[in-house]
Amino acid sequence: MAGSQWLRVVDALKAPVGSRVTIKGWVRTRRDSKAEGGLSFVAVHDGTCFDAMQAVVKGDIANYASEVCKLTTHCSVEVDGVVSQTPKGGNELQVEASTGGAVRVVGYVDDPDTYPIQPKPHSFEFLREMQHLRVRTNTFGAVARMRHCLSMAIHRFYHERGFFYVHTPIITGSDCEGAGNMFRVSTLDMLNLPRVHGAPANAESRMPNAAPAGPIDFSHDFFGKETHLTVSGQLNVETYCCALSRVYTFGPTFRAENSNTARHLAEFWMIEPEIAFANLQQDSELAEDFIKFLINAALTERADDMKFFDERIEKGLIQRLDHVLKTPFRRLPYTEAIKILEQAIAKGEKFEYPVKWGTDLQSEHERYLTEKHFKQPVILMNYPKQIKAFYMRLNDPGTDGAPADTVAAMDVLVPGVGEIIGGSQREERLSVLDARITEMGLPIGEYWWYRDLRRFGTVPHAGFGLGFERAMMFITGMANVRDVIPFPRTPKNAEF
RNA sequence: UCCCUGAUAGCUCAAUGGUAGAGCGGCCGGCUGUUAACCGGUAGGUUGUAGGUUCGAGUCCUACUCGGGGAGCCA
């Protein structure tokens, strides 16, 4: 209508009473009344905030009976009206002919009796099969806005602290990043693979039922060598750390593990900061500040969505996060954690797996520490070297009274989610690094550029990886990692 | 990958081995400044797939597919 301004719903809900506005979005619900010659309440939602805006449509507009009364959930509309206040105090939109009100239907919903998304609670399992439509629901709209909010907060946190954002490669020629099975990247014809001439037949490299053949000749592949999707940007980002001092990556990573749990994805996003001239203690302080910064951003910038998560997804969520904000994280040597668990067993606590110095803690042990014993986030530090990666810095013998060698590694454990961050101080001494690589039977030649960092102006440095989706779960209370990423990739699932 | 468990209307779920039902949603009508509205009517089904047992299978058995819970691996 003349003089009407198109506002997003988030703005229209705050517009001055009496202003003439247009909103554009999707119908959430429609309720009709025959009073006053026809009256319909149409809730319109455009995703810009949690709430929908109610349009009160009078029966005197031209297309009232022919179109407005046929609107069903998720029809798209443009609505012109005058902002007024509901009896309860919020804004709504009065749509009547006398003030030039109008409803224009942009798109109807075909076959509304089988349209799967209804204005009622759906199971997340069902919505997972409707990934292209589920974002239209309250929950997934809130999750999407929260993902954006936290993504921006991540960049802001590091930018404000002088970190540089580094784009590490998605395709990697290094098959020894050391964090799990990798997806192969190849342009070779899988039905006609090039073979190394004259090489003896090798059972492992032979296709089932294929004629005997030599190993695959990857020199014919796109990059002239074997390549994979990255499992971590860490080794690459360390190179930039050793020149720019403070850097971070934030990008997708890939694990070809057959993991079927509520906490694992084949494609997920990870934040990996790396700081030069820093030790494990400083690394853990960065991790704690980082998590608290994200919680604060969520609570202050998306109060509407957080209120919803608190009421409908996890009761007491906001209180839990407030507690995390106010409480210093508990730092604890691995060796100390083992003692606490042994004492717990002595007092009658039952675990499925044994507790023994030198073995990795099981989920149940981590849960006991963070949920029952300390009831707060816990940072475990200085793990036995035999259960950790080659690049972690070897501690001095006897650190924390440990019975054997430890490395400067840390895991941040949070109640509900478990391990959310894994990090370490990196081994900056070439001779010690080489000894570790050799000891673990890794191909030292592959690490030539990583070792160069220790040959040319080496510095102590440290970093960690935060699984973005795990942070999302921790902050929204959503229980399944598949529901905090738009299009989850898991074993046997890549439909969308 | 292992253990447990499940798959019935668009959705959430019932149905002793014996004629497949309800609520919500859709459609039609009534009522109502409503907001998970309410009342009446109505349409809607190859019971996940493939076999088997049985006079008879949604129900029992086998395999497979997919979902959920737990575990391992990890972020």
Side-chain angles (χ1 to χ4, degrees), chain A residues 28-36 38-44 51-58 69-70 72-74 84-88 90 92 94 109-130 133 137-138 178-181 231-234 252-272 287 312 351-353 360-364 366-367 387-389 411-414 417-423 464-474 479-485 490-493 495:
Chain A
R28 184 163 275 171
T29 59
R30 191 197 90 234
R31 293 172 299 279
D32 303 319
S33 168
K34 288 292 191 299
E36 308 171 35
L39 188 61
S40 287
F41 304 92
V42 183
V44 177
D51 290 317
M53 185 172 208
Q54 176 164 275
V56 182
V57 184
K58 291 276 164 58
C69 286
K70 293 194 164 57
T72 56
T73 299
H74 294 161
S84 68
Q85 217 160 38
T86 66
K88 286 181 181 174
E92 63 182 10
Q94 297 294 329
V109 167
D110 286 349
D111 200 14
D113 61 326
T114 58
Y115 180 63
I117 309 293
Q118 298 163 11
K120 69 167 199 170
H122 285 95
S123 69
F124 292 152
E125 294 80 13
F126 167 67
L127 291 172
R128 241 168 255 153
E129 295 168 3
M130 300 279 155
L133 299 175
T137 65
N138 281 339
N181 293 330
V231 295
S232 163
Q234 181 199 316
T253 49
F254 308 86
R255 305 274 166 95
E257 303 285 353
N258 191 10
S259 292
N260 295 287
T261 80
R263 290 175 297 283
H264 290 85
L265 292 165
E267 176 181 295
F268 65 101
W269 288 63
M270 190 151 63
I271 302 100
E272 294 174 289
R312 295 297 177 87
F351 294 119
E352 190 182 340
Y353 289 86
D360 218 348
L361 296 181
Q362 302 294 318
S363 298
E364 57 176 345
E366 296 180 345
R367 224 178 297 123
I387 58 172
K388 287 295 180 181
D411 282 351
V412 179
L413 312 177
V414 294
V417 177
E419 183 185 340
I420 196 171
I421 280 179
F464 62 79
L466 170 74
F468 184 54
E469 285 72 24
R470 296 227 177 135
M472 281 286 297
M473 293 169 74
F474 179 61
N480 194 309
V481 73
R482 297 167 191 204
D483 298 328
V484 296
I485 188 168
T490 52
K492 304 277 161 61
N493 194 337
E495 175 69 21

>> At 4.0 Å (heavy atoms only), tell me whether A:Val56 reaches a base, stays on the sugar-phosphate, or touches nothing.
In response: base
> A:Ser123 near the nucleic acid: base, sugar-phosphate alone, or nothing, with a heavy-atom cut-off under 4.0 Å?
Replying inline: sugar-phosphate
> Expressed as a whole number of Å, how far does the P atom of B:C39 sit from that of B:A22?
Replying inline: 16 Å
> For A:Arg31 and B:C31, is the shortest distance between a side-chain N/O and OP1 or OP2 below 4.0 Å?
Replying inline: no
> Starting at the 5' end of RNA chain B and moving along, which residue's nearest nucleotide shows up first, A:Ala266 or A:Glu352?
Replying inline: A:Glu352
> To the nearest Å, how far apart are A:Gln362 CD and B:A71 P?
Replying inline: 10 Å
> Roughly how far apart, to the nearest Å, are B:A14 and B:G48 at atom P?
Replying inline: 14 Å
> How does RNA chain B look in dot-bracket notation if pairs are Watson-Crick or G-U with both distances under 3.5 Å, crossing ones as [ ], other-strand ones as |?
Replying inline: (((((((..((((....[..)))).(((((.......))))).....(((((..]....))))))))))))....
> What integer distance in Å separates A:His122:NE2 from B:C24:P?
Replying inline: 15 Å
> A:Glu125 near the nucleic acid: base, sugar-phosphate alone, or nothing, with a heavy-atom cut-off under 4.0 Å?
Replying inline: sugar-phosphate
>> What's A:Glu92 touching, base or sugar-phosphate or nothing? Going by heavy atoms closer than 4.0 Å.
In response: base
> If you take all heavy atoms of A:Leu466 and A:Ile420, which pair is closest and at what distance?
Replying inline: CD1-O, 3.4 Å
> With A:Arg30, which residues qualify under side-chain hydrogen bond (donor to acceptor under 3.5 Å, both in side chains), at least two apart?
Replying inline: A:Asp32
> If you take all heavy atoms of A:Phe351 and A:Glu364, which pair is closest and at what distance?
Replying inline: CA-OE1, 3.4 Å
> Rounded to whole angstrom units, what separation is found between the CG atom of A:Leu39 and the P atom of B:U35?
Replying inline: 13 Å
> Any idea which heavy atoms bring A:Arg28 and A:Asn138 closest together, and the distance?
Replying inline: NH1-OD1, 2.9 Å
> How is A:Phe464 classified with respect to the nucleic acid when contacts are heavy atoms under 4.0 Å: base, sugar-phosphate, or nothing?
Replying inline: nothing
> How would you label the contact of A:Leu265 with the nucleic acid (heavy atoms, under 4.0 Å): base, sugar-phosphate, or nothing?
Replying inline: base
> Tell me, do A:Met473 and A:Val481 make a side-chain contact under 4.5 Å, heavy atoms counted?
Replying inline: yes
> With respect to the phosphate group of B:G68, does any side-chain polar atom (N or O) of A:Arg482 fall under 4.0 Å of OP1 or OP2?
Replying inline: yes
> What integer distance in Å separates A:Arg128:CZ from B:C11:P?
Replying inline: 16 Å
>> What contact category does A:Ile421 fall into here, base, sugar-phosphate, or nothing, at under 4.0 angstrom with non-hydrogen atoms?
In response: sugar-phosphate
> What integer distance in Å separates A:Asp111:CG from B:G44:C1'?
Replying inline: 11 Å
>> Checking side chain to side chain contact (heavy atoms under 4.5 Å, CB included) between A:Leu265 and each of A:Thr253, A:Thr490, A:Val484, which is the one that passes?
In response: A:Thr490
> Within this structure, what is the CD-to-C1' distance between A:Glu129 and B:A7, rounded to whole angstrom?
Replying inline: 10 Å
>> Just the rounded figure in Å: distance from P of B:C74 to CD of A:Glu267.
In response: 21 Å
> If you measure from the C1' atom in B:A20 to the same atom in B:G58, how many Å do you get, rounded?
Replying inline: 8 Å
> What nucleotide among B:G69, B:G67, B:U32 has an atom nearest to a side-chain atom of A:Asn480?
Replying inline: B:G69
> How would you label the contact of A:Asp32 with the nucleic acid (heavy atoms, under 4.0 Å): base, sugar-phosphate, or nothing?
Replying inline: base
> So, is A:Arg263 near the phosphate of B:A71, with a side-chain N or O under 4.0 Å from OP1 or OP2?
Replying inline: yes
> Which value, in whole Å, describes the distance between the C1' atoms of nucleotides B:A37 and B:C31?
Replying inline: 11 Å
> Between B:C13 and B:G68, how far is it from one C1' atom to the other, in whole Å?
Replying inline: 16 Å
>> Should the side chain of A:Ser259 and the base of B:C74 be counted as holding a donor-acceptor pair, with the cut-off at 3.5 Å?
In response: no
> Is any side-chain heavy atom of A:Val109 less than 4.5 Å from a side-chain heavy atom of A:Thr73?
Replying inline: no
>> By nearest heavy atom, map A:Phe468 and A:Ala479 onto RNA chain B; which one lands nearer the 5' end?
In response: A:Ala479
>> Heavy atoms from C-beta onward define the side chain here; which of B:G26, B:G30, B:U1 lies closest to that of A:Pro112?
In response: B:G26
> If you take all heavy atoms of A:Ala287 and A:Val412, which pair is closest and at what distance?
Replying inline: CB-CG2, 4.3 Å
>> Measuring only the P atom in each nucleotide, how far is B:U47 from B:G51? A whole number of Å is fine.
In response: 14 Å
>> At 4.0 Å (heavy atoms only), tell me whether A:Gln118 reaches a base, stays on the sugar-phosphate, or touches nothing.
In response: base
> Looking across every strand, which nucleic acid part, if any, lies under 4.0 Å from A:Gln94 by heavy atom: base, sugar-phosphate, or nothing?
Replying inline: base
>> Does A:His264 reach a base, just sugar-phosphate, or nothing at all? Heavy atoms under 4.0 Å.
In response: base
> Base, sugar-phosphate alone, or nothing: which one does A:Phe126 contact when heavy atoms must sit under 4.0 Å apart?
Replying inline: sugar-phosphate
> Which of these nucleotides, B:A71, B:U35, B:G10, is closest to any side-chain atom of A:Thr261?
Replying inline: B:A71
> Between B:G25 and B:A63, how far is it from one P atom to the other, in whole Å?
Replying inline: 42 Å
> How far apart are the closest heavy atoms of A:Glu272 and A:Gly465, and which atoms are they?
Replying inline: CG-CA, 3.9 Å
> To the nearest angstrom, how far is A:Phe41 atom CZ from B:C38 atom P?
Replying inline: 15 Å
>> Between A:Gln54 and A:Val56, is there a side-chain heavy-atom distance shorter than 4.5 Å?
In response: yes
> Which residues satisfy the ring pair (Phe, Tyr, Trp, His ring centres under 6.0 Å) test with A:Phe124, sequence neighbours excluded?
Replying inline: A:Phe140
>> By the 4.0 Å heavy-atom rule, please label A:Thr72 as base, sugar-phosphate, or nothing.
In response: sugar-phosphate
>> Say we look at B:A57 and B:U53: how far apart would their C1' atoms be, to the nearest angstrom?
In response: 10 Å
